[in-house]
Number of protein chains: 2
Amino acid sequence: MGVTIKDIARALGVTPGTISKALNDKPDIGADMKVKIRAAAIELGYVPNPIARRLVTNRSNTIGVFILDRHELSLRENYGFQFLDGIIKESDLHHYDILLFSITKDLAYQKSYISLCLERRVEGAVFIGLRSDDPYLEDIIRSPLPASVIDAEARGQNVSMVASDNRAGAAAAVDYLWGLGHRRIGIIKGSEREFASRERYEGFRHYLTERNSFNEAYVYPGDFTRESGAAAVETIMKSQDRPTALFAANDLMALGALKVFKGKGYRIPQDISLIGFDNIANSEDCDPALTTIGQNAAEIGKEAIRLLLARIRQENKGKASFIRTELVIRDSCAPLK
Amino acid sequence: MGVTIKDIARALGVTPGTISKALNDKPDIGADMKVKIRAAAIELGYVPNPIARRLVTNRSNTIGVFILDRHELSLRENYGFQFLDGIIKESDLHHYDILLFSITKDLAYQKSYISLCLERRVEGAVFIGLRSDDPYLEDIIRSPLPASVIDAEARGQNVSMVASDNRAGAAAAVDYLWGLGHRRIGIIKGSEREFASRERYEGFRHYLTERNSFNEAYVYPGDFTRESGAAAVETIMKSQDRPTALFAANDLMALGALKVFKGKGYRIPQDISLIGFDNIANSEDCDPALTTIGQNAAEIGKEAIRLLLARIRQENKGKASFIRTELVIRDSCAPLK
DNA sequence: TCTCCTTACGAAATCGTTTGCGGTTTATCT
DNA sequence: AGATAAACCGCAAACGATTTCGTAAGGAGA
């Protein structure tokens, strides 16, 4: 079971080396011999053994994908699967295999991700869901292994980072509000520890500052959870001189805020406009449907692979790449009356 | 770069074979020699090369996971990622690696999934998103390669199927409605071609038939899309003697239905109770929040791996396993007045 | 003391490919 | 025509582990 290169060699009366070269289209095999060998290969049902090839070439043609879930990140509400989709497709294009790792805190890995990579002999790694306080982050940055980090900050010789253009996205969100006539625009921030959160805030702040409309009083703390979105609304309600529009740094907080607003009899968007960020599934069916900034997750995954492969081929250093976002307009924002 | 078994052998003045046996804890190596070798191994920073091992043992210790997306199935609304999560964790437990394949129709694979498996030398495969009309379904069933199919019907010597207990889940949904006093209960069916759809219908029908309350007039066709859910409502509205409660065979249709109901000024659950199936993310934030049947997707993934590994070890034949569902009560159902 | 068995390790083949080198044959140039 | 250069293919050594078989040393039993 399993016809090898030797079987073909025997059948044709040539040596295994010749078969290998012919099948790999090396220059030092005659054209007619090549066709003969290829014919025999499919005739015999030959399927190459990647294991053997990898052993001798010392290249695994495999990249490791880490899905980190150390912090109970809800799998339902993030982009994991879409990242993965882009990753797979792009890898496939370049004939790389994907080896999947999932690290959860209950698995309590002792080993650094990098040593897992070394064991499996992957040529590079991409990280999804990495947090800035991950104990192995430094490992990744300093390691000689090429890596791509998705949606987190990580800079180094061998590590590239890919994320949405959070600044531009946030600016687009505010700009949409601005275009509707809003001038008193608030923000529910995410945690300072999250890269995406900082960037979104920066995009927001910069846009309004340039227009002399940034008001410190309108920035409300949050941490990307529903609860913090809800809590922000409570403080907003208490204040006088409320903002007329609100940018939540992610959809989850927007959803939390929305619920409280509705519970208090506030109408969205008549009484206040609300815009989110992420375009998670949930934002589609809430009432009113949430206007938000959509990320192109599949594209992020693809770009992560592109940068990684380039690094593997020594064509670049670690880079940062930011992917366009998209304004998706639904029903939670209205023109200022 | 890369210390091998030979390096340890040289350092200790023994042969590579001895090192291998000691590291694998074979019986024919002396105890003291073993500790010496193990010490040297970590001393030198030895990390075994799985490629070489696989070549000689002829076992890849890898299972292939196929994510099929030939039919534009929305990645956002299904359980893909949670399946995957269970799959990875269970595989990890048994020290199997996961090789990921993604088949989309635009990639237009010519090769059968099985030949991809043969090429990569995986020991088994699990399929997510397989449809009954997949051109390679027969291939999978007849192939000697052990396989697990998630959420689809596939029976054979070497293939196991794992899905939610759709019948029991549907029955639980109706039972909940029944317990609220409803007797005129309708269903928006899914497509006859989908296994889950048939099972859910069967569970529904059986429950009501046993109580002499099944009414053919209350079954409305659908195909698991929002649109079909919306369309069903249109016909419901036209009829007299409407059902007082409605079971949508999946959440997407329930969401479609919900929207139309609300658009027509119908109040849920005051005017009609609505229950879905799947507990997708979207069902959480719609208004009213959708009562539904939740699937334990991670558990399905794990079970798929368990059955697969057992089959690989020749411990079972192809089996079918159905995982418990869970009623998640939210706000879209009310007692019959 | 001699034989037999056990224990512990070495020797060597093997897994399926790849690849540099060397040697023939055939075509090309002066 | 002679020499040089391609073109083409065989040879054999790798790659890093595993595993079977063989054998030397040592202990037990008679």
Side-chain angles (χ1 to χ4, degrees), chain A residues 1-42 44-62 95 97 117-123, chain B residues 1-42 44-62 95 97 117-123:
Chain A
M1 191 198 311
V3 28
T4 78
I5 226 173
K6 294 181 187 172
D7 298 322
I8 310 183
R10 206 172 312 124
L12 263 54
V14 297
T15 73
T18 304
I19 306 292
S20 171
K21 288 182 228 177
L23 259 23
N24 290 321
D25 208 23
K26 300 278 177 176
D28 64 342
I29 297 293
D32 41 355
M33 178 59 99
K34 278 182 183 171
V35 306
K36 209 164 62 176
I37 289 179
R38 290 201 190 107
I42 74 154
L44 296 178
Y46 169 71
V47 26
N49 186 329
I51 313 273
R53 172 180 302 155
R54 287 167 190 177
L55 179 60
V56 58
T57 59
N58 199 24
R59 297 191 44 230
S60 64
N61 239 269
T62 299
H95 304 105
D97 283 346
C117 287
L118 293 182
E119 286 178 14
R120 300 320 203 290
R121 297 300 204 270
V122 302
E123 296 182 20
Chain B
M1 187 200 311
V3 29
T4 78
I5 224 172
K6 293 181 190 172
D7 298 322
I8 309 183
R10 206 173 311 125
L12 263 55
V14 296
T15 72
T18 304
I19 307 292
S20 170
K21 286 183 252 183
L23 260 23
N24 290 322
D25 207 25
K26 300 279 176 173
D28 65 340
I29 298 293
D32 43 353
M33 178 58 100
K34 276 184 184 173
V35 306
K36 208 165 63 176
I37 289 179
R38 291 203 189 105
I42 74 154
L44 297 178
Y46 168 72
V47 26
N49 187 328
I51 314 273
R53 173 180 301 155
R54 286 168 190 176
L55 180 59
V56 58
T57 58
N58 200 24
R59 298 191 44 230
S60 64
N61 239 268
T62 299
H95 305 104
D97 283 347
C117 287
L118 293 182
E119 284 178 15
R120 297 324 201 292
R121 297 300 205 267
V122 302
E123 296 183 20

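First the proteins, then the strands, lettered A, B, ... as listed; each starts at 1. The structure displayed is predicted, hence computed values, not measured ones.
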Any A/N24 side-chain nitrogen or oxygen under 4.0 Å from OP1 or OP2 of C/dT18: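 For C/dT18, OP1 or OP2 has a side-chain N or O of A/N24 closer than 4.0 Å.
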Check this one for me: any side-chain N or O of B/T4 less than 4.0 Å away from OP1 or OP2 of D/dA17?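 Yes, because at least one side-chain N or O of B/T4 sits under 4.0 Å from OP1 or OP2 of D/dA17.
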Could you state the atom-to-atom distance from [atom1] of [X] to [atom2] of [N] in whole Å?
X     : N      : atom1 : atom2 : result
A/I5  : D/dA12 : CD1   : P     : 18 Å
A/I19 : D/dC8  : CD1   : P     : 16 Å
A/D25 : D/dC8  : CG    : C1'   : 14 Å
A/I8  : C/dG16 : CD1   : P     : 13 Å
B/R10 : D/dG16 : CZ    : P     : 11 Å
B/R59 : C/dC15 : CZ    : P     : 18 Å
A/Y46 : C/dT17 : OH    : C1'   : 7 Å
B/K6  : D/dA13 : NZ    : C1'   : 11 Å

For [X] and [Y], which heavy atoms make the closest approach, and how far apart are they?
X     : Y      : result
A/H95 : A/N61  : O-OD1, 2.7 Å
A/I37 : A/A22  : CD1-CB, 3.4 Å
A/I5  : A/P16  : CG2-CB, 3.9 Å
B/A52 : A/L55  : CB-CD1, 3.7 Å
A/P50 : B/R121 : CD-CG, 4.2 Å

Side chain of B/K26, heavy atoms from C-beta onward: which of D/dT19, D/dG16, C/dT19 has the nearest atom to it?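 Closest nucleotide to the B/K26 side chain: D/dT19.
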Return the nearest nucleotide to the side chain of B/L55; candidates are D/dA17, D/dG16, C/dT17.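 In terms of side-chain proximity for B/L55, the closest of D/dA17, D/dG16, C/dT17 is D/dG16.
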Just to be sure I understand the rule, does B/S20 reach a base, reach only the sugar-phosphate, or reach nothing, if contact means heavy atoms closer than 4.0 Å?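 The residue B/S20 makes base contact.
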By the 4.0 Å heavy-atom rule, please label A/P48 as base, sugar-phosphate, or nothing.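 Since only primed, P, OP1 and OP2 atoms lie under 4.0 Å of A/P48, the category is sugar-phosphate.
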Worked check of side chain to side chain contact (heavy atoms under 4.5 Å, CB included) between B/Y46 and B/L23: CA-CA 11 Å; B/Y46 168 72; B/L23 260 23; 3.7 Å; yes
Approximate separation, where rounding is to 0.5 Å, of A/N58 CG and B/N49 CG: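 Atom-to-atom, A/N58:CG and B/N49:CG are 7.5 Å apart.
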Walk along nucleotides 8-14 of chain C from 5' to 3' and tag each nucleotide B, S or - by protein heavy-atom contact under 4.0 Å, base first, then sugar-phosphate. BBBS--B
Between the opening five pairs and the closing five pairs of the helix from C/dT1-D/dA30 to C/dT30-D/dA1, how far apart are the helix axes, to 10°?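 Comparing the axis at each end, I get an angle of 40°.
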Should A/D97 and B/R120 be marked as a side chain to side chain contact (heavy atoms under 4.5 Å, CB included) after you check the CA-CA gap, both sets of side-chain angles, and the distance that decides it? CA-CA 9 Å; A/D97 283 346; B/R120 297 324 201 292; 3.0 Å; yes
Pairwise side-chain contact, B/V14 with B/M33, heavy-atom cut-off 4.5 Å (strictly under):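 Yes, close enough: below the 4.5 Å cut-off.
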